[in-house]
Number of protein chains: 2
Amino acid sequence: MPNNFYEKAKELIRHTGNRLTHNRLRTLAILLAEQYALTHREIEERLNMKEQLDRVTLYRVLEWLSKNNLVHKIAGDDRVWRFRVNTELHSHQHAHFICTRCTKVTCLSDYRIKSSPSLPLGYLFHEIELTIKGLCAECA
Amino acid sequence: MPNNFYEKAKELIRHTGNRLTHNRLRTLAILLAEQYALTHREIEERLNMKEQLDRVTLYRVLEWLSKNNLVHKIAGDDRVWRFRVNTELHSHQHAHFICTRCTKVTCLSDYRIKSSPSLPLGYLFHEIELTIKGLCAECA
DNA sequence: AATAATATGCAACTTAGTTGCATTTATTAT
DNA sequence: ATAATAAATGCAACTAAGTTGCATATTATT
């Protein structure tokens, strides 16, 4: 039963060349274990069982994970960031589904987005984001 | 020079069957005059010149305008709502462009989205939102 | 084991948005 | 026009997400 999300997390963090810390490890392992995007709050709840982790540190850990392309942030309609792990199979070039009832965010991996739309003159394309809103299987 | 956004705003609010108030009128007129989506703050700034309007009232006015389909809300990456008027030609079934430098939101009216994507079993489609990030003409 | 660079915890802060309640205003029916 | 009434407004106090500065602890290196 020793979960191998910790092993995977360790490998991913080491691979960045930066420091492997307890908090980065715990946080990433939690995100690796989830099928959908978690809020700062939800991650905190999952951490509570074990030793406590400061709110601010968690914000900084998430920011670090994000900047190192281990996770990606999703902006929801409730003004709360949600975080989802980036695996090789799971780049951030995909659509997100937001359930308007339970506010859970699911990544639609198999829904690929066609790139480079036509923009007004002088505009520079950087990234495209597709969000689908509705009810998830549990709420429908 | 008497701007006709007030006339247009009056007509739109009257058409809802609800009360025509000074604040709804002013707010909607401001949004009608803009080419891009405004934050609560930006609307407040534009109001400052004239008589003051309470923060809370403005929030309630914007919520009312939104519920009555006169404007639509856009969730940006900075956790701030932006509001854009809905005209007949300008339904909310379109893409949004967000400039990552100046954070301005522009509606890409001519970028229509194909409807009903395929979702996981049991999921219910409601709405689709396409956001393009990059640099606007002024920031590029 | 000592060092240097970086991560962490704490306290205090900022900012968007919300709630409850008393007062004012827009509409209506007289 | 005016009174009645339902809805809108202003105010004060609140919530909740996220940020900043700084002193202390931890990681990786020598």
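Worth knowing before you read on, the calculation uses all heavy atoms, side chains too, and leaves out hydrogens, waters and symmetry mates. Residue numbering restarts at 1 for every chain, and letters A, B, ... go by the order of the sequence lines.
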Using only side-chain N and O atoms of A/T57, determine if any of them is under 4.0 Å from OP1 or OP2 of C/dG9.
yes
Going by the rule side-chain contact (heavy atoms from CB on, under 4.5 Å), which residues pair with A/S66 if we only count those two or more places apart in sequence or in a different chain?
A/V71, A/K73
Could you check how far CG of B/L53 sits from C1' of D/dG10, rounded to whole Å?
10 Å
Just how far, in rounded Å, is P of C/dA16 from CD of B/E45?
11 Å
Nucleotide D/dT27, atom C1' - distance to CD1 of A/I13 in whole Å
13 Å
Got a sec, which pairs hit salt bridge (charged side-chain N to carboxylate O under 4.0 Å, His left out) with one end in residues 97-108 of chain B, sequence neighbours left out?
none
In whole Å, I'd like the distance from the CG atom of B/D54 to the C1' atom of C/dT25.
15 Å
Validation row: A/W81, B/D77 side chains within 4.5 angstrom (heavy atoms):
yes
Quickly work out the A/Q52 CD to C/dG9 P distance and round it to whole Å.
9 Å
Strictly under 6.0 Å, is that where the ring centroids of A/H40 and A/Y59 end up?
yes
Per-nucleotide protein contact along nucleotides 14-19 of chain D, 5' to 3', at a 4.0 Å heavy-atom cut-off (B base, S sugar-phosphate only, - neither), is ---BBB
Any salt bridge between A/E44 and A/R55, counting N to O under 4.0 Å?
no
A/E44 atom CD is separated from C/dG9 atom P, nearest whole Å, by 12 Å
Looking at A/N23, does any N or O in its side chain come under 4.0 Å of the phosphate oxygens OP1/OP2 on C/dT8?
yes
Could you check whether any side-chain heavy atom of B/E34 comes within less than 4.5 Å of a side-chain heavy atom of B/R46, counting everything from C-beta outward?
yes
Integer-rounded Å distance: C/dT18 C1' and B/W64 CH2:
21 Å
Taking only nitrogen or oxygen atoms into account, show me every contact under 3.5 Å that the protein makes with nucleotides 27-30 of chain C, one pair per line with its distance.
unit_1 : atom_1 : unit_2 : atom_2 : d
C/dT27 : OP1    : B/R14  : NH2    : 3.1
C/dT27 : OP1    : B/L20  : N      : 2.9
C/dT27 : OP2    : B/R14  : NH2    : 3.4

Around atom CD of A/Q35, are there more than 12 heavy atoms from other residues, nucleotides or ligands closer than 6.0 Å?
no
Between CZ of B/R24 and C1' of D/dA7 the distance, given in whole Å, is 8 Å
Mind checking what makes ring pair (Phe, Tyr, Trp, His ring centres under 6.0 Å) contact with B/F97, not counting sequence neighbours?
A/Y123
Counterpart residues, side-chain contact (heavy atoms from CB on, under 4.5 Å), relative to B/K67 (two or more places apart):
B/E63
Phosphate OP1/OP2 of D/dT9 contacted by B/R60 side-chain N/O (<4.0 Å):
no
